[in-house]
Amino acid sequence: MSASPSSSPIAKPLKPLRGVRVLSLALNLPGPAAFMRLKAMGATCLKAEPPSPKGSSTGDPMGQYNRGAYDTLHAGIKVVTIDLKSEKGQQNLHKELARTDVLLTSFRPSALAKLGLTWKALHKAYPALSVVAIVGAPGARAEEPGHDLTYLADAGLVTGLDLPATLFADMGGALMASEAALKAVLVQKTSGKGSFQEVALSDAAAWLALPRTWGLTQPKGAVGGAHAGYRVYPCKDGRVAVAALEPHFAASLCAAAGVAMHGMGSLFQPATHKAIAAFLAGQTRKQLDALATARDIPLHTLGS
């Protein structure tokens with residue numbers, strides 16, 4: 001006899017990085033976002049920031065232009081001020097490095113070289129230390145200036161004049177950086193040595209753009225608007241995002257709209273698009289929410 005859902009045990013969050021010490025010098029969004037994930041996995045996290053400018057309580061630019069985001073990213077993380085350009089700051093940094101497992105950076109290679117923090121120098125001084133270096137673009141392009149928007153544009157993910165809905169390259173890069181830290185810890189446990197990994201935000205954008213390069217999200221693609229069951233439509237008092245992609249979901253949607261479905265090809269026909277659009281336009285959000293439950297149709301209603 002199987003247990004009922006209400007009696008099923010709730011899985012506790014895994015803490016695979018418990019006991020691992022991570023030091024971050026990374027500012028703005030990708031580094032702190034990666035750091036937040038590493039902390040959630042149990043790592044002991046220390047953030048070192050440059051001295052704050054007059055009128056600010058943090059040396060991280062994000063804390064100056066969006067304090068709310070900064071506070072969320074750094075909740076429960078110890079932050080210290082270290083002036084890497086001063087002799088005392090360098091001493092404090094190396095004191096921390098001596099007991100650090102993974103160092104997270106987000107500087108250009110030339111800036112790290114000026115600070116004496118090249119991989120060669122760090123590996124010689126701390127053989128067991130791993131470095132995860134977040135850069136804009138990989139290899140020789142790491143010195144190029146850029147930001148989330150330029151990396152998304154280069155990957156073909158900026159399709160009009162509107163800004164993207166979120167910072168995809170930054171957040172994707174944060175995921176890749178936390179993954180790199182996990183890999184570094186695994187390598188260190190098996191070899192006893194540290195490793196160097198470069199995480200490029202442009203690579204993160206390119207990874208996120210793969211469905212578009214495959215044609216999936218292009219206008220003629222199934223999830224780019226060509227499939228009538230996978231679109232955003234206006235409804236009577238707002239909008240509805242419909243994701244009835246698979247045949248059984250598409251069949252439920254067509255049945256609700258009174259549309260004859262003759263195989264999946266029907267969903268790509270202009271007449272089907274027109275009929276489903278007309279049906280949804282006559283429904284309120286409340287009616288569509290009820291329809292989704294009754295007919296098992298994946299959709300989400302939105303305000304205007």
Side-chain angles (χ1 to χ4, degrees), residues 20-36 38-39 43-137 140-147 170 173-174 177-178 180-181 184 188 193-201:
V20 174
R21 300 181 68 89
V22 185
L23 171 64
S24 176
L25 305 179
L27 307 176
N28 281 311
L29 180 57
F35 216 35
M36 182 169 65
L38 295 175
K39 181 180 181 300
T44 298
C45 296
L46 177 68
K47 167 83 175 296
E49 295 183 355
S52 58
K54 187 176 180 180
S56 176
S57 59
T58 172
D60 190 322
M62 173 164 283
Q64 299 162 37
Y65 63 75
N66 192 314
R67 186 69 197 201
Y70 174 89
D71 289 342
T72 298
L73 289 164
H74 295 81
I77 289 175
K78 183 179 179 181
V79 179
V80 297
T81 299
I82 296 181
D83 184 358
L84 298 178
K85 297 179 181 179
S86 71
E87 183 177 346
K88 182 179 179 181
Q90 282 287 322
Q91 291 174 352
N92 290 337
L93 172 66
H94 284 276
K95 181 180 178 181
E96 293 298 338
L97 287 174
R99 55 179 183 171
T100 294
D101 297 300
V102 180
L103 173 65
L104 185 64
T105 70
S106 62
F107 296 97
R108 299 187 201 186
S110 59
L112 289 173
K114 290 178 181 178
L115 295 170
L117 299 177
T118 63
W119 167 241
K120 183 177 180 180
L122 287 171
H123 192 49
K124 181 179 180 180
Y126 313 103
L129 175 70
S130 292
V131 174
V132 175
I134 300 173
V135 296
R141 295 184 57 203
E143 293 293 333
E144 295 179 7
H147 243 303
D170 282 354
S178 59
Q188 198 280 335
K193 297 179 180 180
S195 60
F196 174 83
Q197 296 179 73
E198 183 182 80
V199 174
L201 300 181

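Throughout, residue positions are numbered sequentially from 1 according to the sequence presented. Source: prediction; values computed, not measured.
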Nearest 0.5 Å, what's the CG-CD distance between Asn92 and Glu87? 11.0 Å
Modelled atom types, side-chain donor and acceptor of Tyr65 and Asn28, under 3.5 Å: yes
Find out whether Val20 and Leu38 are in side-chain contact, i.e. whether some heavy atom of one side chain is under 4.5 Å from a heavy atom of the other. no
For Leu129, which of Val102, Leu23, Asp101, Thr100 qualifies under side-chain contact (heavy atoms from CB on, under 4.5 Å)? Thr100
Okay, side chain of Arg21, backbone of Cys45: is any donor-acceptor separation there less than 3.5 Å? no
d(Lys85 NZ, Lys114 NZ) to nearest 0.5 Å is 8.5 Å
Reported CH2-to-CD distance for the pair Trp119 and Glu198, which is rounded to 0.5 angstrom: 13.0 Å
Indicate yes or no: at least one non-hydrogen side-chain atom of Val22 is less than 4.5 angstrom from one of Thr44. no
Atom OG in Ser56, atom CD in Gln64: separation rounded to 0.5 Å? 4.0 Å
Validation row: Leu122, Val131 side chains within 4.5 angstrom (heavy atoms): yes
For the atom pair CD1 (Ile77) and CZ (Phe35), what is the distance rounded to the nearest 0.5 Å? 5.5 Å
Pair Val135-Val199, side-chain contact (heavy atoms from CB on, under 4.5 Å): steps then yes or no: CA-CA 6 Å; Val135 296; Val199 174; over 6 Å; no
Heavy-atom nearest pair, Ala174 first then Pro30, reads CB-O, 3.4 Å
Ser57 and Arg67: side-chain contact (heavy atoms from CB on, under 4.5 Å), yes or no, with the steps? CA-CA 10 Å; Ser57 59; Arg67 186 69 197 201; 2.8 Å; yes
Smallest separation among heavy atoms of Ala48 and Ile82, with atom names: CB-CD1, 3.9 Å
According to the side chain to side chain donor-acceptor pair (under 3.5 Å) rule, which pairs have a member within residues 45-55, sequence neighbours left out? Lys47-Glu49, Lys47-Asp60, Lys47-His74, Glu49-Thr58, Glu49-Tyr70
Output a table of donor-acceptor pairs, distance under 3.5 Å, between side-chain atoms of residues 104-112 and any protein atom two or more places apart or on a different chain; print 'none' if there are none.
from	atom 1	to	atom 2	distance (Å)
Ser106	OG	Leu27	N	3.1
Arg108	NH1	Glu143	O	2.9
Ser110	OG	Glu143	OE1	2.8
Ser110	OG	Glu143	OE2	3.3

Starting at NE2 of His94, measure out to CD of Gln91 and round the result to the nearest 0.5 Å. 9.5 Å
Ala69 to Asn66 - nearest heavy-atom pair and separation: N-OD1, 2.9 Å
Quick check: closest heavy atoms across Ala33 and Leu73, and the distance to 0.1 Å? CA-CD2, 3.7 Å
Looking at side-chain heavy atoms only, is the closest gap between Gln90 and Leu84 below 4.5 Å? yes
Do Leu103 and Leu25 have side-chain heavy atoms sitting under 4.5 Å apart? yes
Does any part of the side chain of Ser130, heavy atoms only, come nearer than 4.5 Å to the side chain of Lys193, both counted from C-beta? no
Shortest non-hydrogen pair, Ala137 vs Arg141, comes out as CB-CB, 3.5 Å
